[in-house]
S.K.: 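Please read through the structure below; I'll follow up with questions.
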Amino acid sequence: MDKKLVVGNWKMNLLREEARELSGALVNLLGEGYDACQVVLAPPYTALEVVRNCISASNVDLGAQNVFGEVRGAFTGEVSASMLVDAGCRWVIIGHSERRHILGETNEQIREKVSLSISCGLKIILCVGETEAQREEAIRKSEDVLTRRRFLFSPIRTQMESALRSLDEKQVSDIAIAYEPVWAIGTGKTATSLEIAEIHQYIRELLTEMFPGSGNNVRILYGGSVKTCNIEDIVSVEEVDGVLVGGASLSVDSFFKIIKSVGG
Ligand code: 13P
């Protein structure tokens with residue numbers, strides 16, 4: 001498996017000057033040759049170019065937060081996978097819960113985004129995770145452990161099977177799965193080590209069932225209120241191959257500490 005992966009998802013934050021300062025300061029702190037883990041910055045589209053310039057001499061990669069599922073054409077306001085490559089992106093986040101739940105993105109749209117992005121050579125961070133209501137329903141319906149797990153895992157199975165079904169063994173090695181329980185995003189609530197381990201093990205089982213040849217090499221990240229105060233616990237979970245960080249990636253001090261905790 002590749003090195004652990006730390007992704008900073010800036011969401012709809014930072015003007016270009018702020019983006020320049022943050023990415024420049026991060027590269028200074030890490031040092032240009034830092035490669036103990038793979039670091040990816042995903043700024044808003046408007047800041048892709050300034051961040052690309054700041055990180056160009058380092059091992060930090062550029063990522064986008066979204067992409068459209070068509071090659072080109074009359075889709076006002078959208079950005080294609082080849083445009084992201086042209087802007088210097090190596091990565092794209094697809095299926096983030098804010099896009100699924102606030103912007104109504106469907107599993108079918110996510111599948112199209114995945115397959116077009118792969119065909120353009122982008123690496124993908126595919127987000128999956130259950131809502132609070134889905135987790136509570138699983139607990140309520142659970143007569144036994146197996147039933148509880150079946151209900152808990154079901155939304156994740158649906159999201160993954162739908163997004164990955166058209167990929168082959170080679171293509172799936174360009175994907176990282178980010179398990180982000182929706183109830184933990186931006187709330188300060190984090191899944192416990194046991195909860196993370198349980199879902200990551202399930203995601204691994206599903207990956208190896210779908211891709212017997214390469215499912216074991218796909219990195220599985222955790223996301224949802226990752227902070228300096230909980231990163232040590234999260235990264236000590238054996239099944240965690242990296243983290244997807246929102247709020248704490250907007251401060252150079254906290255993001256640097258998180259990277260160092262993951263990579264050393
Ligand atoms: P927070 O780290 O702010 O909870 O956001 C997580 C997230 O959505 C990263 O993609």
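Values reported hereafter were calculated over all heavy atoms of this structure, with side chains retained and with hydrogens, waters and symmetry mates removed. Throughout, residue positions are numbered sequentially from 1 according to the sequence presented.
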S.K.: Given Tyr34 and Lys260, is the side chain to side chain contact (heavy atoms under 4.5 Å, CB included) satisfied, shown in steps?
M.R.: CA-CA 10 Å; Tyr34 181 83; Lys260 294 297 270 185; 4.1 Å; yes

S.K.: To the nearest 0.5 Å, tell me how far Ile203 CD1 sits from Phe153 CZ.
M.R.: 9.0 Å

S.K.: If every non-hydrogen atom of Ser193 is compared with every non-hydrogen atom of Val237, which pair is closest and at what distance?
M.R.: CB-CG2, 3.7 Å

S.K.: Linking I/L/V/M/F/W/Y whenever any side-chain heavy atoms sit under 4.5 Å apart, do Val182 and Tyr202 land together?
M.R.: no

S.K.: Are the side chain of Ser249 and the backbone of Gly246 linked by a donor-acceptor contact shorter than 3.5 Å?
M.R.: yes

S.K.: Is any side-chain heavy atom of Leu122 closer than 4.5 Å to one of Cys89?
M.R.: yes

S.K.: Tell me, with the steps shown, if Asn9 and Ile125 meet side chain to side chain contact (heavy atoms under 4.5 Å, CB included).
M.R.: CA-CA 11 Å; Asn9 175 10; Ile125 297 137; over 6 Å; no

S.K.: Is there side-chain contact between Ser225 and Lys189, with at least one heavy-atom pair below 4.5 Å?
M.R.: no

S.K.: Checking Ile175 against Ile118 for the side chain to side chain contact (heavy atoms under 4.5 Å, CB included) test, could you report, in this order, the C-alpha distance in whole Å, the side-chain angles of both residues, the deciding distance, and whether it holds?
M.R.: CA-CA 9 Å; Ile175 302 234; Ile118 288 278; 4.2 Å; yes

S.K.: Heavy-atom distance under 4.5 Å between the side chains of Phe151 and Ile139, does that happen here?
M.R.: no

S.K.: Go through the steps for Glu108 and Arg111 under the test salt bridge (Lys or Arg N to Asp or Glu O under 4.0 Å), then give the verdict.
M.R.: CA-CA 5 Å; Glu108 186 55 26; Arg111 195 191 60 71; 3.0 Å; yes

S.K.: With clusters defined by side-chain heavy atoms of hydrophobic residues (ILVMFWY) lying less than 4.5 Å apart, directly or transitively, does Ile259 cluster with Val7?
M.R.: no

S.K.: Would you name the heavy atoms of Ser261 and Val235 that are closest together and state the gap between them?
M.R.: O-CG1, 3.9 Å

S.K.: Does the side chain of Lys4 reach to within under 4.5 Å of the side chain of Arg219, using non-hydrogen atoms?
M.R.: no

S.K.: Just by modelled atom types, is the Ala248 backbone N or O under 3.5 Å from a matching donor or acceptor in the Ser251 side chain?
M.R.: no

S.K.: Has the side chain of Ser214 got a donor or acceptor atom that lies under 3.5 Å from a matching backbone atom of Glu169?
M.R.: yes

S.K.: According to a 4.5 Å side-chain heavy-atom criterion applied to Ile, Leu, Val, Met, Phe, Trp and Tyr, with indirect links allowed, do Tyr45 and Leu62 form part of one hydrophobic cluster?
M.R.: yes

S.K.: Please check this pair: side chain of Gln38 against backbone of Asn59, looking for a donor-acceptor N/O pair closer than 3.5 Å.
M.R.: yes

S.K.: How long is the gap from OH on Tyr222 to CD1 on Ile196, to the nearest 0.5 Å?
M.R.: 5.0 Å

S.K.: Do Leu22 and Glu18 come within less than 4.5 Å of each other through their side chains, counting heavy atoms only?
M.R.: no

S.K.: Hey, what do you get for OG (Ser162) to CE (Met160), rounding to the nearest 0.5 Å?
M.R.: 11.5 Å

S.K.: Surrounding CD of Glu49 (heavy atoms of other residues, nucleotides or ligands, distance under 6.0 Å), is the total greater than 12?
M.R.: no

S.K.: Any chance you could measure Arg52, atom CZ, to Arg90, atom CZ, to the nearest 0.5 Å?
M.R.: 14.0 Å

S.K.: Nearest heavy-atom pair of Ser23 and Ile55: which atoms, and what distance?
M.R.: CB-CG2, 4.3 Å

S.K.: Got Ile231 and Lys257 here, is their nearest side-chain heavy-atom distance under 4.5 Å?
M.R.: no

S.K.: Please say which of Asp174, Ile124, Val114 ends up in a side chain to side chain contact (heavy atoms under 4.5 Å, CB included) with Leu167.
M.R.: Val114

S.K.: For the pair Asp233 (side chain) and Asn230 (backbone), establish whether a donor and an acceptor sit closer than 3.5 Å, ignoring hydrogens and angles.
M.R.: no

S.K.: Would you mind reporting whether Asn66 and Lys113 have side-chain heavy atoms less than 4.5 Å apart?
M.R.: yes

S.K.: Is the shortest distance from a Lys or Arg side-chain nitrogen in Arg204 or Glu239 to a carboxylate oxygen in the other one below 4.0 Å?
M.R.: no

S.K.: Would Glu180 and Arg100 count as a salt bridge (Lys or Arg N to Asp or Glu O under 4.0 Å) if you check the C-alpha gap in whole Å, the side-chain angles of each, and the deciding distance to 0.1 Å?
M.R.: CA-CA 12 Å; Glu180 295 206 304; Arg100 291 178 191 265; over 6 Å; no

S.K.: May I ask you to decide whether Arg20 forms a salt bridge with Glu17, counting only side-chain N to carboxylate O separations under 4.0 Å?
M.R.: yes

S.K.: Decide yes or no on salt bridge (Lys or Arg N to Asp or Glu O under 4.0 Å) for Glu132 and Arg135, but give the supporting numbers first.
M.R.: CA-CA 5 Å; Glu132 185 152 41; Arg135 181 166 277 266; over 6 Å; no

S.K.: Can you name the closest pair of heavy atoms from Gly215 and Thr208 and give their distance?
M.R.: C-CG2, 3.9 Å

S.K.: Taking all non-hydrogen atoms of both residues into account, name the closest pair between Ala47 and Arg16 and its distance.
M.R.: CA-CG, 4.2 Å

S.K.: Rounded at 0.5 Å granularity, tell me how far NZ in Lys123 sits from CG in Asp61.
M.R.: 8.5 Å

S.K.: Can you spot which of Val40, Leu5, Ile93, Ile185 makes a side chain to side chain contact (heavy atoms under 4.5 Å, CB included) with Leu244?
M.R.: Ile93

S.K.: For Glu238, does the CD atom have more than 12 heavy-atom neighbours from other residues, nucleotides or ligands under 6.0 Å away?
M.R.: no

S.K.: Looking only at heavy atoms, which two atoms of Tyr179 and His200 are closest? And how far apart?
M.R.: CB-NE2, 3.7 Å

S.K.: Does some side-chain heavy atom of Val27 sit less than 4.5 Å from a side-chain heavy atom of Cys54?
M.R.: no

S.K.: Output, in order, the C-alpha distance, side-chain angles, deciding distance and verdict of side chain to side chain contact (heavy atoms under 4.5 Å, CB included) for Trp10 and Leu250.
M.R.: CA-CA 6 Å; Trp10 292 359; Leu250 294 170; 3.9 Å; yes

S.K.: First locate atom CG of Leu221, then atom CD1 of Ile177, and finally report the distance between them rounded to the nearest 0.5 Å.
M.R.: 8.5 Å

S.K.: Side-chain heavy atoms under 4.5 angstrom apart, residues restricted to Ile, Leu, Val, Met, Phe, Trp, Tyr: same cluster for Leu116 and Val85?
M.R.: no

S.K.: Does either side chain, that of Ser56 or that of Asn53, offer a donor lying less than 3.5 Å from an acceptor on the other one?
M.R.: no

S.K.: Are Trp91 and Val79 co-members of a hydrophobic cluster defined by side-chain heavy atoms under 4.5 Å apart?
M.R.: no

